[in-house]
Amino acid sequence: MLAREFYQRPTEVVARDLLGKLLVRIYAGGVTAVRLTEVEAYLGVEDPACHTFGGRRTRRTETMWGEAGHAYVYLVYGMHHCLNVVTVGPDRPEAVLVRGGVAVGGLDLIRERRGPKVAERSLADGPGKLCQALEVTRDHDGIDLCEPSSVLRICDDGLRVGEGAVKRTPRVGVDYAGEASGWPLRLVIDSRVFSSSADSTGF
DNA sequence: TCTAGGATCGGCT
DNA sequence: GCCGATCCTAGAT
């Protein structure tokens with residue numbers, strides 16, 4: 001399990017280092033896990049795309065104003081949840097949006113949540129899908145990812161993601177943010193590198 | 001109170 | 001590629 005210090009670093013560094021890590025969900029029915037392949041950095045009060053831009057502090061965003069290493073979960077479009085991890089520290093309301101990953105553990109349980117017809121690579125390749133796959137809801141807003149008993153945690157299993165494997169692009173769905181919508185704060189790695197047939201070049 | 005719009009997804013063309 | 005679903009949040013009145 002990643003320690004608090006991991007999250008207390010600059011948001012872009014945390015985002016970069018989250019790629020390849022395991023997001024693990026522990027619940028009554030078992031354990032599921034997703035390896036993270038897509039994240040976005042949201043840089044707080046100076047970032048027009050961020051929920052806390054300009055110092056906005058509301059009931060929804062309260063978790064972002066707290067300690068690093070906690071989960072910030074909110075509802076978008078009235079029906080999908082989005083999971084973020086809070087970074088930096090108190091009164092620096094920044095976060096990394098977890099946009100997608102590859103299901104690697106508890107596949108049967110994930111399929112129960114996502115449906116039997118969904119292609120394996122599509123089980124968690126979007127922020128809403130990932131939350132559905134791991135049964136993450138607003139009930140988890142504010143939980144501590146560093147607490148040993150936490151039902152949601154992020155682990156390092158030793159996989160190393162080489163710099164050459166990381167692609168940087170503008171963030172998705174933030175056209176309203178003007179110039180900031182073009183900032184290259186979305187980080188992705190090719191999920192195919194995790195298939196058994198791929199070689200490990202670049203890692 | 002009221003209202004506009006959203007850090008998405010899946011089905012249909 | 002387009003479009004509707006669906007409801008909460010934030011900001012305005």
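Owing to the predicted nature of the structure, the values given are computational and were not obtained by experimental measurement. We name chains A, B, ... by the order of the sequence lines, and we start the count at 1 in each one.
With a cut-off of 3.5 Å on both pairing distances, the Watson-Crick or G-U wobble partner of dC12(B) is dG1(C). Pairing of dA7(B), defined by two Watson-Crick or G-U wobble distances under 3.5 Å, is not identified with any nucleotide.
Nearest to the side chain of Pro127(A), among dA10(C), dT8(B), dT6(C), sits dT8(B). The side chain of Cys82(A) has dT8(B) as its nearest neighbour among dT6(C), dG6(B), dT8(B). When each of dA10(C), dA7(B), dG11(C) is scored by its nearest atom to the side-chain atoms of Thr61(A), the top-ranked nucleotide is dA10(C). Looking at the side chain of His80(A), the nearest of the listed nucleotides dA10(C), dT8(B), dA7(B) is dT8(B).
At whole-Å resolution of the value, CZ in Arg56(A) and P in dA12(C) are 11 Å apart. The CD atom of Glu38(A) sits 9 Å away from the P atom of dC9(B) (whole-angstrom rounding). In this structure, Arg186(A) atom CZ and dA7(B) atom C1' are separated by 12 Å, rounded to whole Å. Following rounding to the nearest Å, Glu94(A) (CD) and dA7(B) (P) show an atom-to-atom distance of 18 Å. We find that CG of Asp139(A) is positioned 13 Å from P of dC8(C), with the value rounded to whole Å. A straight line from OH of Tyr176(A) to P of dA4(B) spans 19 Å, rounded to a whole angstrom. Rounded to a whole Å, the CE atom of Met64(A) is 12 Å from the P atom of dA7(B). Distance Met79(A) CE to dT9(C) P: 15 Å, rounded to the nearest Å.
By the criterion of side-chain heavy atoms lying less than 4.5 angstrom apart, applied directly or through intervening Ile, Leu, Val, Met, Phe, Trp or Tyr residues, Val86(A) is not grouped with Ile154(A); the two fall into different hydrophobic clusters. Both Val39(A) and Val166(A) are members of a single hydrophobic cluster when ILVMFWY side chains are connected at heavy-atom separations under 4.5 Å.
The aromatic ring of Tyr42(A) sits over the base of dA7(B), with ring centres less than 5.5 Å apart and planes tilted by under 30°.
Across all strands, Arg60(A) comes closer than 4.0 Å only to sugar-phosphate atoms, never to a base (heavy-atom distances). Backbone-only contact: Leu75(A) has heavy atoms under 4.0 Å from sugar-phosphate atoms and none from a base. Among the heavy atoms of the strands lying under 4.0 Å from Arg114(A) are primed sugar atoms or P, OP1, OP2 only; no base atom is included. Base contact: Ala49(A) has a heavy atom under 4.0 Å from a base atom.
Between Lys129(A) and Asp125(A) a salt bridge is recorded (basic side-chain N to carboxylate O distance below 4.0 Å).
Comparing Arg138(A) and Tyr77(A) by the nucleotide of DNA chain C that holds the closest heavy atom to each, the one mapping nearer the 5' end is Tyr77(A).
Within the cation-pi definition used here (under 6.0 Å to the ring centroid, within 45° of the axis), Arg9(A) qualifies as a partner of Phe6(A).
Here Thr58(A) does not reach the OP1 or OP2 of dT9(C): none of its side-chain N or O atoms lies under 4.0 Å away. Side-chain nitrogen and oxygen atoms of Lys117(A) include none within less than 4.0 Å of the OP1 or OP2 phosphate oxygen of dG10(B).
With 3.5 Å as the limit, one finds a donor-acceptor pair spanning the side chains of Thr169(A) and Arg186(A).
More than 12 non-hydrogen atoms from other residues, nucleotides or ligands lie less than 6.0 angstrom from CD of Glu62(A).
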